[in-house]
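As structure tokens, the structure follows; a few thoughts come after it.
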Amino acid sequence: MRVPARAAARAAKLRAEIEGHNYRYHVLDEPLVTDAEYDALMRELQELEARHPELVMPDSPTQRVGAAPSEAFKEVSHAVPMLSLNNAFDEQEVEAFDRRVREALGAERVEYAVEPKFDGLAVSLIYEGGALKRGATRGDGYTGEDVTANLRTVRAIPLGLTSRRAPRLLEVRGEVLMLKSDFEHLNRAQREKGEKEFANPRNAAAGSLRQLDSAVTAGRRLTFFAYGIGAQDGAPRFRRHSELLDYLEEKRFPVARERAVASGLREVLEYYRRMAPKRPELPYEIDGVVYKVNDLAGQEELGFVSRAPRYAVAHKFPAEEATSVVAGIEVQVGRTGALTPVARLDPVSVGGVTVTNATLHNEDEIRRKDIRIGDTVVVRRAGDVIPEVVRVIASRRPGNARRFVMPARCPVCNAAVEKPEGEVVARCTAGLYCPAQRKQALLHFASRRAMDIEGLGEKLVDQLVDRKMVETPADLYRLDAGSLSALERMAEKSASNIVAAIEGSKRVMLARFIYALGIRNVGETTARDLARHFGDRLKAIMGADDQTLLEVPDVGPVVARSIAQFFHEPHNRKVIEQLLDAGIVFERAASQPGRSRVAGKTFVLTGTLPNLAREEAKRRIEAQGGRVTGSVSKKTGYVVLGADPGAKHDKARKLGIPVLDEAGLLELLND
Ligand code: D41
């Protein structure tokens with residue numbers, strides 16, 4: 001059967017168009033069409049190919065769905081070995097690397113190509129005459145496995161090289177990985193199906209790539225980043241590694257956006273320090289950065305020793321995960337009475353600091369992960385977050401491992417613990433009669449963003465409460481240096497400093513005071529909204545019923561109920577009265593609301609701003625009487641756009657809300 005020329009032409013056009021959309025979506029992250037439009041194109045091509053099977057080509061996007069399962073992977077050998085990377089674990093080791101490079105090249109300062117080190121799996125992609133012919137794992141560097149059918153399902157990998165004069169042979173090397181978001185998604189699905197979860201994105205990527213049934217791989221979302229070229233024939237002669245990456249980018253391969261060129265040791269280390277804090281925000285896992293001599297002739301001159309090049313080094317970040325043993329499980333009581341089980345761990349270094357505790361969140365979480373006392377567990381600490389137990393290493397469970405049971409009574413005050421039906425959190429029911437809750441409430445009251453009483457830390461509050469010197473925040477204002485200096489570790493000087501700090505806290509903005517009270521569901525923003533809405537009149541707020549409170553912007557029924565309930569409680573009213581008697585007075589905001597163009601406007605910040613930290617932008621907007629909220633609605637005044645804005649930008653456009661960049665925001669603030 002002959003294929004009509006029109007059908008062939010249409011199929012070719014559809015293929016190019018679909019691959020173009022794949023590129024925009026998976027590589028550039030800038031889709032042009034909706035998913036539905038993409039699906040429609042795909043369906044049209046599938047139908048066309050079904051009607052004219054001669055039209056099916058190996059490089060057709062319809063072939064990314066996976067091929068028939070195979071029995072085993074074929075072994076392949078790498079014509080150019082895939083070398084491994086030497087590691088540097090600290091700056092001294094990088095310094096030594098740079099010294100060796102400089103000495104070997106006889107150069108005073110060396111230019112390096114610097115890039116993130118993706119935590120995925122190294123693969124090789126062979127393009128012959130511009131078409132993807134073979135994809136293989138690195139294996140031991142000399143022989144790997146043929147996973148062509150699986151790699152074809154990865155949409156970020158081009159099935160063909162664009163350009164009329166493609167090189168006869170081009171081997172592209174890079175890492176296959178799974179984005180953190182796709183990993184979370186996959187694990188949620190695995191959990192719901194009752195199947196085994198993956199420990200981390202790297203394992204998930206490895207498991208997905210090594211599927212004998214490529215239809216399974218197609219269902220997992222993998223991505224790819226290119227970092228180099230292996231065998232080649234007819235490709236341009238590059239002089240620098242950075243040029244080679246530019247070439248790959250031009251050929252539509254995903255290449256790390258964070259790559260750069262650094263001159264000399266100092267700039268290289270600056271790159272490391274710049275990348276380290278970005279790590280938690282990146283959509284994929286990286287375990288370090290890689291430095292490569294940029295000059296390719298220099299690379300050749302340096303050569304390699306035992307499988308690793310001398311021209312490159314991986315500067316590793318401290319591991320975010322480590323294993324330790326759960327020596328015990330204790331229960332902590334929080335400010336709102338929430339009981340949080342905490343694992344006491346044998347000390348272990350994670351993410352660069354020594355960890356001895358890890359949160360276990362709640363009872364359900366312990367049961368879900370089946371964590372028992374005596375277990376060896378994987379502990380994770382990423383960025384500034386509290387360390388947590390990720391999972392148990394089941395094979396290392398001792399015979400005498402013990403299950404945890406949530407106590408029926410508060411471990412601090414012995415009051416009953418309740419866990420309402422359908423809730424995950426168990427709570428002590430004693431409220432402020434529980435010393436633990438009282439301590440937390442006092443610490444919150446004194447905290448920097450509340451009453452800002454410097455020096456009133458945990459150790460001091462523990463003693464004050466344990467000795468019954470302080471029960472409520474009002475009692476703080478009755479303390480004197482004499483009684484304080486009788487406490488442990490309290491020199492006379494620091495006692496009088498604390499008394500001065502307490503005294504100094506008496507002049508306070510009403511919003512801070514309300515926040516300091518620790519009303520459930522009332523954070524800083526709601527506290528500020530309340531103060532503004534009620535014209536800085538505490539009495540009005542204390543007397544408001546649910547209905548009146550609902551008129552405050554962003555206050556819903558749950559928050560309104562919390563506020564009304566709090567001020568209805570006689571004990572709370574009495575403490576507030578005592579605080580006012582002690583001499584607390586409310587100051588007005590420094591700037592006159594209404595004068596600035598920012599005043600009274602609601603801002604939504606999205607994406608990362610180039611210079612202003614989010615906290616700083618928020619502080620400055622609020623200092624001028626503006627508000628910052630998280631989601632875009634009709635009430636939003638401005639949306640401020642940083643790099644990588646998300647859906648909020650689209651929503652702002654839809655609602656016709658003015659959009660500013662950082663410069664626009666600064667102009668508004670400085671106006
Ligand atoms: O991102 C990576 N994981 C990465 C791995 C990278 N950015 N560059 C790499 N460069 C090399 C050399 C210099 C040997 C070509 C690598 C790897 N190798 C590598 N990945 C796995 C083993 C070796």
Side-chain angles (χ1 to χ4, degrees), residues 78-88 94 97-98 100-101 110-125 135-145 147 151 156-157 170-179 200-203 205-206 209 222-232 238 240-249 253-262 268 271-272 275-276 278-279 282-317 319:
H78 299 296
V80 178
M82 295 183 76
L83 302 175
S84 56
L85 281 169
N86 282 326
N87 291 321
V94 177
F97 160 78
D98 175 61
R100 287 193 302 272
V101 167
V110 174
E111 183 179 277
Y112 295 96
V114 295
E115 57 201 45
K117 183 172 184 297
F118 294 104
D119 197 6
L121 297 112
V123 296
S124 138
L125 304 169
T137 61
R138 173 174 176 272
D140 63 3
Y142 298 94
T143 45
E145 288 173 322
V147 286
L151 286 172
I157 295 179
L170 183 71
E171 179 185 6
V172 177
R173 291 179 173 177
E175 296 268 321
V176 164
L177 45 98
M178 190 176 281
L179 298 185
N200 54 49
R202 190 181 183 283
N203 285 10
L209 191 61
L222 294 175
T223 192
F224 172 79
F225 282 94
Y227 63 69
I229 286 178
Q232 57 169 309
F238 306 107
R240 297 188 181 83
H241 181 73
S242 52
E243 288 171 9
L244 170 166
L245 294 179
D246 292 342
Y247 171 79
L248 290 174
E249 187 165 45
F253 288 90
V255 180
R257 285 194 188 152
E258 294 79 10
R259 74 179 191 278
V261 170
V268 150
Y271 179 72
Y272 179 90
M275 287 300 289
K278 281 199 189 170
R279 189 182 184 189
L282 291 173
Y284 39 71
E285 300 256 14
I286 61 176
D287 58 348
V289 289
V290 187
Y291 313 137
K292 299 174 183 173
V293 171
N294 201 17
D295 182 60
L296 296 184
Q299 287 195 0
E300 194 147 350
E301 202 175 323
L302 281 154
F304 53 91
V305 270
S306 65
R307 293 180 175 212
R310 277 198 300 210
Y311 60 78
V313 75
H315 190 181
K316 299 289 284 269
F317 292 140

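All ligand and atom numbering here is 1-based and tracks the order in the structure. In this chain, residues are counted from 1 in sequence order.
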Using a 3.5 Å cut-off on N or O atoms only, is A122 in polar contact with ligand 1?
no
> Are any of the N/O atoms in E175 less than 3.5 Å from those in ligand 1?
Replying inline: yes
From the list R138, R173, E171, side-chain hydrogen bond (donor to acceptor under 3.5 Å, both in side chains) partner of S124 resolves to E171
among protein heavy atoms, the one nearest atom 23 (C) of ligand 1 is L83 O, 3.1 Å
for atom 12 (C) of ligand 1, nearest protein heavy atom and its distance come out as L85 CD2, 4.2 Å
The atoms of ligand 1 lying under 4.0 Å from a heavy atom of V290, numbered in the order shown, are 6 (C), 7 (N)
Going by the 4.0 angstrom heavy-atom rule, the piece of A308 near ligand 1 is neither
Logged contact type for K292 with ligand 1, heavy-atom cut-off 4.0 Å, is side chain
Exercise. Should we count CZ of F304 as having more than 12 external heavy atoms under 6.0 Å?
Worked result: no
Nearest non-hydrogen contact to atom 22 (C) of ligand 1 from the set R138, R259, Q299, R307 belongs to R138
Logged contact type for R173 with ligand 1, heavy-atom cut-off 4.0 Å, is neither
Here the atoms of ligand 1 under 4.0 Å from any heavy atom belonging to P116 are 1 (O), 7 (N)
Worksheet entry | Under 3.5 Å: N/O of Y227 near N/O of ligand 1 | yes
- Task: Could you tell me whether a side-chain N or O of R279 sits under 3.5 Å from a main-chain N or O of I286, the two making a donor and an acceptor?
- Result: yes
**Prompt:** Mind checking whether T137 and L121 have side chains closer than 4.5 Å, heavy atoms only?
**Reply:** no
protein heavy-atom neighbour closest to atom 7 (N) of ligand 1 works out as E115 OE2, 2.8 Å
Taking the inter-plane angle between the rings of Y112 and F97 on a 0 to 90° scale, is it parallel (under 30°), tilted (30 to 60°) or perpendicular (over 60°)? tilted
query = Do V114 and M275 have side chains that get closer than 4.5 Å, going by heavy atoms?
reply = no
Numbered in order shown, the ligand 1 atoms found under 4.0 Å of a heavy atom of S84 are 23 (C)
Worksheet item: Would a 4.5 Å heavy-atom cut-off, applied to side chains only, mark Y142 and R307 as touching?
Response: yes
For E258 and Y271, the nearest pair of non-hydrogen atoms, with its separation, is O-OH, 2.8 Å
- Does any N/O atom on Y311 come nearer than 3.5 Å to any N/O atom on ligand 1? no
Ranked by distance from atom 1 (O) of ligand 1, the top protein heavy atom is F118 N, 2.9 Å
If we only count heavy atoms from C-beta on, is the F317 to Y272 side-chain gap below 4.5 Å? yes
Determine yes or no for a side-chain-to-main-chain donor-acceptor pair under 3.5 angstrom, with D119 supplying the side chain and R202 the backbone.
no
